[in-house]
Amino acid sequence: MEEAQSIFEIALLGNPADVEALVGLGRIGYAQGDYSEAEWLFLRASEADPRASWIAFDLGKLYRVTGDYEASEKVFKDAIEKDPTNTSL
């Protein structure tokens, strides 16, 4: 995981709005139990590409795991409105 984290961090140095790197780091944070860091990274990724409904899967899952069911439901509903054909939601 450390190597992947380094690669994502280097990518962000070149492009602070790199959605793939932001989500990748968010997933690492999530896996390590650092939910506040993961949330911040997922939200940054969503801001960088508001049309990317696939980011909602990670953010909604994070909110569900932390017990914020209302936020989880909202994230999923918003994502479905943006992209009703996304079957991962």
Side-chain angles (χ1 to χ4, degrees):
M1 230 185 305
E2 289 178 24
E3 184 178 348
Q5 184 171 350
S6 294
I7 291 169
F8 291 136
E9 289 170 349
I10 291 168
L12 288 177
L13 290 175
N15 177 9
D18 184 321
V19 174
E20 298 285 337
L22 290 166
V23 171
L25 286 172
R27 288 176 178 168
I28 290 170
Y30 179 89
Q32 294 173 338
D34 190 349
Y35 298 134
S36 61
E37 178 74 4
E39 177 187 25
W40 181 73
L41 289 159
F42 293 148
L43 289 171
R44 276 186 59 197
S46 292
E47 290 172 8
D49 187 356
R51 297 177 315 262
S53 64
W54 59 273
I55 299 167
F57 178 78
D58 292 298
L59 188 57
K61 183 171 73 169
L62 180 140
Y63 285 143
R64 189 181 68 227
V65 166
T66 59
D68 192 345
Y69 301 110
E70 188 175 310
S72 179
E73 182 179 356
K74 181 182 180 335
V75 167
F76 285 131
K77 283 183 177 181
D78 290 347
I80 290 168
E81 286 179 19
K82 286 181 193 175
D83 184 5
T85 63
N86 186 339
T87 58
S88 68
L89 300 170

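Numbers here are sequence positions counted from 1.
- Looking at every heavy atom in both residues, I55 comes nearest to S46 through CG2-OG, 3.5 Å.
- One finds the CG atom of D49 at 14.0 Å from the CZ atom of R44 (value rounded to the nearest 0.5 Å).
- Under the 4.5 Å side-chain heavy-atom criterion for ILVMFWY residues, a single connected hydrophobic cluster contains both W40 and L25.
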Side chains of residues 8-23: which donor-acceptor pairs under 3.5 Å do they make with residues two or more places apart or in other chains?
unit_1	atom_1	unit_2	atom_2	d
E9	OE2	Q5	NE2	3.2
N15	OD1	A17	N	3.1
D18	OD1	E20	N	3.1
D18	OD1	A21	N	3.0

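- Considering every non-hydrogen atom in both L41 and G26, the closest pair reads CD1-N, 3.6 Å.
- Side-chain atoms of S72 do not come within 3.5 Å of backbone N or O of D68 as any donor-acceptor pair.
- Side-chain contact check for Y63 and E70: no donor-acceptor pair (N or O, by modelled atom type) lies under 3.5 Å.
- Residues E37 and Q32 fail the side-chain proximity criterion, which asks for heavy atoms closer than 4.5 Å.
- Distance check: I80 CD1 to S53 OG gives 9.5 Å after rounding to the nearest 0.5 Å.
- Nearest heavy-atom pair, Y30 versus K61, reported as atom, atom and distance to 0.1 Å: OH-CG, 3.7 Å.
- The two residues P50 and K82 make their nearest non-hydrogen contact at O-NZ, 2.8 Å.
- When all heavy atoms are compared, the tightest approach of Y35 to L62 is O-CD1, 3.6 Å.
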